[in-house]
Amino acid sequence: MTAEITARPKTTDREDIAKRLLRGSAKASYDPLIEIDWDAPVDPDMWGIRPERVSLYGTHLWDRLTEEQRKELSRLEVASIATIGIWFETILMQMLVRHAYHNDPSTQHVQYAYTEIADECRHTVMFAKMVDKLGWHTHRIDPVAFQLGRLFKTIAHGPLIFAGALFVEEVLDQFQREAMPDEQILPLVRSVARIHVIEEARHMRYAREEFHRDWQARGPIDKAYSKIVLGLITYYSATRLINPKVYEQVGLDPKEAYEAAKKNPHWIGTKTWAARKVVATLNTADAITGLGKYFWKKAGLLG
């Protein structure tokens, strides 16, 4: 075990951290139904994400698209990523409820779990409204990932709950932090990003602390099992970020485009970039090794 982990405070600071997070939530929480102008039109001349972050950027199919189609694809891809965010945040809310169910609700750290659930409820509504505004539909995820999500929310224990949350939230956070100051990106997307970044900063702090605290108490068999399950979850999340139907909507063959994106070094590099912080956090805990690491690499998350 590394010096960084062994040097972490023990349970004495758990309540202090939760207390600060609760205070932060009271000072800086937002209602997206009020904060965002949902009636503003979507400007077809603006991007949903930086062009170099689009999954087909740099491919022969990208060269085939007009500038208008590229911008539409960028907006659809943001919507597709948000749909995966909804899928996982719905799983996360159920896991947090179960986590709270097994702990003392009078403690600050459990009260923060309930606070995060409330935040995530607002985020899913915000994402769903953005998806609709961007001209996309919240298509149900494929059956394999859908059933895996159902299983994961049922069997995941502490470290898996918080490591999974860290992965999805860190990846979304990287895309959104980059989008916030970029004036070529739609104001709607930037407004959603601003709210999500501010509130998720607290969620990620909570997840890191809870993950490290619980991970240290796990035995070698439990850790080995957790690494495999986490690898599967990250693989299915990362490889479903872009629904192939977005390609069809801009006039491309979805199978051809999906294969092009899958092999695209620019898109693989974007996923590695987006996952770099959570990878560093979990590597510190030696949580990405063995068969689990294979799935991280197969998903294009380790470079």
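Just so you know, these numbers come straight off a predicted model, no measurement behind them. Throughout, numbering of the chain's residues begins at 1 and tracks the sequence.
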Original post:
Is it the case that more than 12 heavy atoms not belonging to H137 sit under 6.0 Å from its NE2 atom?
Top reply: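 No, not enclosed.
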Subject >> Stepwise side-chain contact (heavy atoms from CB on, under 4.5 Å) test for V54 and W267 >> reply: CA-CA 7 Å; V54 178; W267 177 234; over 6 Å; no
Original post:
After noting the C-alpha distance and the side-chain angles of M95 and H99, does the key distance pass the side-chain contact (heavy atoms from CB on, under 4.5 Å) rule?
Top reply: CA-CA 6 Å; M95 293 192 297; H99 174 71; over 6 Å; no
Between [X] and [Y], what is the shortest heavy-atom contact and its length?
| X | Y | answer |
| --- | --- | --- |
| A163 | L230 | CB-CD2, 3.8 Å |
| Q184 | D182 | CG-OD1, 2.9 Å |
| P105 | V110 | CA-CG1, 3.7 Å |
| L301 | A275 | CD2-CB, 3.9 Å |
| I84 | L241 | CG1-CA, 3.9 Å |
| I195 | E35 | CD1-CB, 3.9 Å |

Original post:
Between E116 and R202, does a side-chain contact (heavy atoms from CB on, under 4.5 Å) hold up when you go through it step by step?
Top reply: CA-CA 9 Å; E116 181 172 340; R202 297 189 293 268; over 6 Å; no
Donor-acceptor check, side chain of [X] to backbone of [Y], threshold 3.5 angstrom: yes or no?
| X | Y | result |
| --- | --- | --- |
| Q94 | T90 | yes |
| E256 | D253 | no |
| K133 | A40 | yes |

With rounding to the nearest 0.5 angstrom, report the [atom1] to [atom2] distance, [X] to [Y].
| X | Y | atom1 | atom2 | result |
| --- | --- | --- | --- | --- |
| T138 | N243 | OG1 | CG | 10.5 Å |
| T115 | H203 | OG1 | NE2 | 8.5 Å |
| I91 | F152 | CD1 | CZ | 7.5 Å |
| Y294 | T289 | OH | OG1 | 16.0 Å |
| I161 | I155 | CD1 | CD1 | 11.0 Å |
| E248 | K255 | CD | NZ | 11.0 Å |

Does [X] share a hydrophobic cluster with [Y], counting links as ILVMFWY side-chain heavy atoms below 4.5 Å and allowing steps through other members?
| X | Y | result |
| --- | --- | --- |
| I268 | V246 | no |
| M180 | Y30 | no |
| V197 | V78 | no |
| V144 | L291 | yes |

Subject >> salt bridge (charged side-chain N to carboxylate O under 4.0 Å, His left out) between E169 and K277, intermediate numbers included >> reply: CA-CA 11 Å; E169 301 297 3; K277 288 190 175 182; over 6 Å; no
Is the distance between the ring centroids of [X] and [Y] under 6.0 Å?
| X | Y | answer |
| --- | --- | --- |
| W87 | Y236 | no |
| Y206 | H109 | no |
| H212 | F162 | no |

Does the distance from a Lys or Arg side-chain N to an Asp or Glu carboxylate O, for [X] and [Y], drop under 4.0 Å?
| X | Y | value |
| --- | --- | --- |
| R122 | E199 | yes |
| R14 | E210 | yes |
| E72 | R75 | no |
| R70 | E67 | yes |
| R213 | D13 | yes |
| E178 | R50 | yes |
| E200 | R205 | no |

Scan side-chain atoms only and decide if [X] and [Y] contain a donor-acceptor pair under the 3.5 Å cut-off.
| X | Y | answer |
| --- | --- | --- |
| R190 | Q176 | no |
| S55 | Y258 | no |
| H196 | D173 | no |
| S226 | R218 | no |

Original post:
Residues in side chain to side chain contact (heavy atoms under 4.5 Å, CB included) with Q111, at least two apart?
Top reply: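 For Q111, the residues satisfying side chain to side chain contact (heavy atoms under 4.5 Å, CB included) (neighbours in sequence not counted) are L22, Q108.
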**OP:** Take L186 and W47 through the test side-chain contact (heavy atoms from CB on, under 4.5 Å) and record every step on the way to the result.
**Re:** CA-CA 6 Å; L186 280 167; W47 295 87; over 6 Å; no
Original post:
Do the numbers put R20 on top of the ring of Y112, so that NZ or CZ is under 6.0 Å from the six-membered ring centre and no more than 45° off the axis?
Top reply: no
Original post:
Taking the six-membered ring of W38, is NZ or CZ of K129 closer than 6.0 Å to its centre and within 45° of its axis?
Top reply: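 Satisfied, under 6.0 Å and within 45°.
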Do [X] and [Y] have side-chain heavy atoms sitting under 4.5 Å apart?
| X | Y | answer |
| --- | --- | --- |
| L65 | L252 | yes |
| K71 | M46 | no |
| K271 | V171 | no |
| Y247 | I242 | yes |

Original post:
With respect to I288, which candidate in T281, T234, L282 satisfies the side-chain contact (heavy atoms from CB on, under 4.5 Å) definition?
Top reply: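 Testing I288 for a side-chain contact (heavy atoms from CB on, under 4.5 Å) against T281, T234, L282 leaves exactly one candidate, L282.
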